[in-house]
Amino acid sequence: MREPSLGNPQNTVAVLQKYQFNIQKKFGQNFLIDTHVLNKIVQAAKIEQDDVVLEIGPGIGTLTQYLSCAAKKVIAVEIDKMLLPILADTLEGFDNVRVISADILKIDIHDLVEQENGGRPIKVIANLPYYITTPIIMGLFESHVPLKSMTVMVQKEVASRMRTGPGSKEYGALSLAVQYYAKPYLVANVPPNCFIPRPNIGSAVVRLDKYEDPPIEVGDERLLFQLIRASFNQRRKTLANGIKNAAELDFSKEQIEQALVRLGKGLNIRGEALTLAEFALFADALIKDKEI
Ligand code: SAM
């Protein structure tokens, strides 16, 4: 097994120059150039020798080299075809890596996990493209891809959204979804100078440890997330109005009010004041009232 050669500014610039690679902003390309951060990601992900890792967006293969040395197998999905010859070069000798040329939002990840790990849970580890962080994370959770954890680099602000609760401006649909599916940990804050090119914002590595069972019980998981989306799509409206205005929900004013009374909340409460457990109680109360 080879040792990582990438992870510092000189070698990254040398690779980019060798291939005269044009960095694509539209693909959220910010390449890691700091060995401390790379080692920290690998350490935080607690990779074991029999782990199969899915890396989203290997770029020029920097993190991929580190993951290859720690895991049984690495599946790296990259959208930018111009990076394929570079990856063939930088990953030469890293024999447990399979590069897939595809858009992560379009491939069947269940199928991939079935093929590559017999359907057993994998670990997702990535320096994510920031323009699609939320759809990637939500997609992986909501489609119930078998996974143990995700260790991902995201915008600093997104990392705080994942970990916050009612009363904070950052509290929203992402906070509730992440907290329903996983326990989030902040691994490290990462400044812009750890990347080429430098992003305009700070970044952070978070690890999301997937729960075997969600921390709260709810009768209808789909309804729970429809309610959450409805209330944060119209954040400044009351919860009742948010639900009435949501095209995908069909509850009368009376049903909503009855459910709020059952919840013990005033009729003017906003969704942003409810915890995950309260959203679940509210979803159950709505169904109960619909059945009566
Ligand atoms: N892992 C590399 C590193 O840490 O240096 C690159 C990280 S860079 C922030 C994000 C990577 O995701 C880029 O290589 C980009 O081309 C790729 N990417 C962007 N959108 C993607 C998508 N929809 N599917 C797969 N890869 C994508």
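On a predicted model such as this, the values are computed, not experimentally measured, just so you know.
Glu92 and Arg2 are not joined by a salt bridge, as no carboxylate oxygen comes within less than 4.0 angstrom of a charged side-chain nitrogen. Look at Asp284 and Arg262 and you find no salt bridge, because none of the NZ, NE, NH1 or NH2 atoms lies under 4.0 Å from a carboxylate O.
No donor-acceptor contact under 3.5 angstrom links the side chains of Glu142 and Tyr181, judged on distance only. Side chains of Thr90 and Gln65: a donor-acceptor N/O pair is absent below 3.5 angstrom, by distance only. The closest side-chain donor-acceptor pair between Tyr19 and Asp89 falls under 3.5 angstrom.
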Full working for side chain to side chain donor-acceptor pair (under 3.5 Å) between Glu272 and Ser231: CA-CA 8 Å; Glu272 64 188 5; Ser231 74; over 6 Å; no

Gln234/Asn245 under side chain to side chain donor-acceptor pair (under 3.5 Å): CA gap, chis, key distance, verdict: CA-CA 9 Å; Gln234 297 193 308; Asn245 295 340; 3.1 Å; yes

From CA spacing to verdict: salt bridge (charged side-chain N to carboxylate O under 4.0 Å, His left out), Lys265, Glu278: CA-CA 10 Å; Lys265 297 285 176 186; Glu278 287 169 334; 3.2 Å; yes

From CA spacing to verdict: side chain to side chain donor-acceptor pair (under 3.5 Å), Glu55, Thr64: CA-CA 7 Å; Glu55 187 191 5; Thr64 326; 2.6 Å; yes

Side chain to side chain donor-acceptor pair (under 3.5 Å) assessment of Thr35 paired with Tyr66: CA-CA 10 Å; Thr35 47; Tyr66 288 72; 5.3 Å; no

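Asp34 places a side-chain N or O within 3.5 Å of a backbone atom of His36 that can act as its donor or acceptor partner. Remark: side-chain polar atoms of Ser168 are not paired, donor with acceptor, to backbone N or O of Thr164 under 3.5 angstrom. No donor-acceptor pair under 3.5 Å is formed between the side chain of Asn189 and the backbone N or O of Ala204. In terms of modelled atom types and a separation under 3.5 Å, the side chain of Asn127 and the main chain of Phe31 share no donor-acceptor contact. Under a 3.5 Å cut-off, the side chain of Gln155 and the backbone N or O of Glu157 do not form any donor-acceptor pair.
Between Arg229 and Gln226, some side-chain heavy-atom pair lies under the 4.5 Å cut-off. Between Phe279 and Leu239 there is a side-chain heavy-atom pair separated by less than 4.5 Å. For the pair Lys244 and Lys253, the minimum side-chain heavy-atom distance is below 4.5 Å.
Placement of Val205 and Tyr185 in two distinct hydrophobic clusters is found when ILVMFWY residues are connected by side-chain heavy-atom separations under 4.5 Å, directly or transitively.
Ring pair Tyr171/Phe232: centre-to-centre distance below 6.0 Å. Centroid-to-centroid, the aromatic rings of Phe225 and Tyr180 come within less than 6.0 Å.
Evaluated for a side-chain hydrogen bond (donor to acceptor under 3.5 Å, both in side chains) with Asp51, the options Arg120, Lys72, Lys148 yield exactly one hit, Lys148.
Glu116 and Val52 make their closest contact through O-CG2, 4.1 Å (heavy atoms, listed as atom of the first residue, atom of the second, distance).
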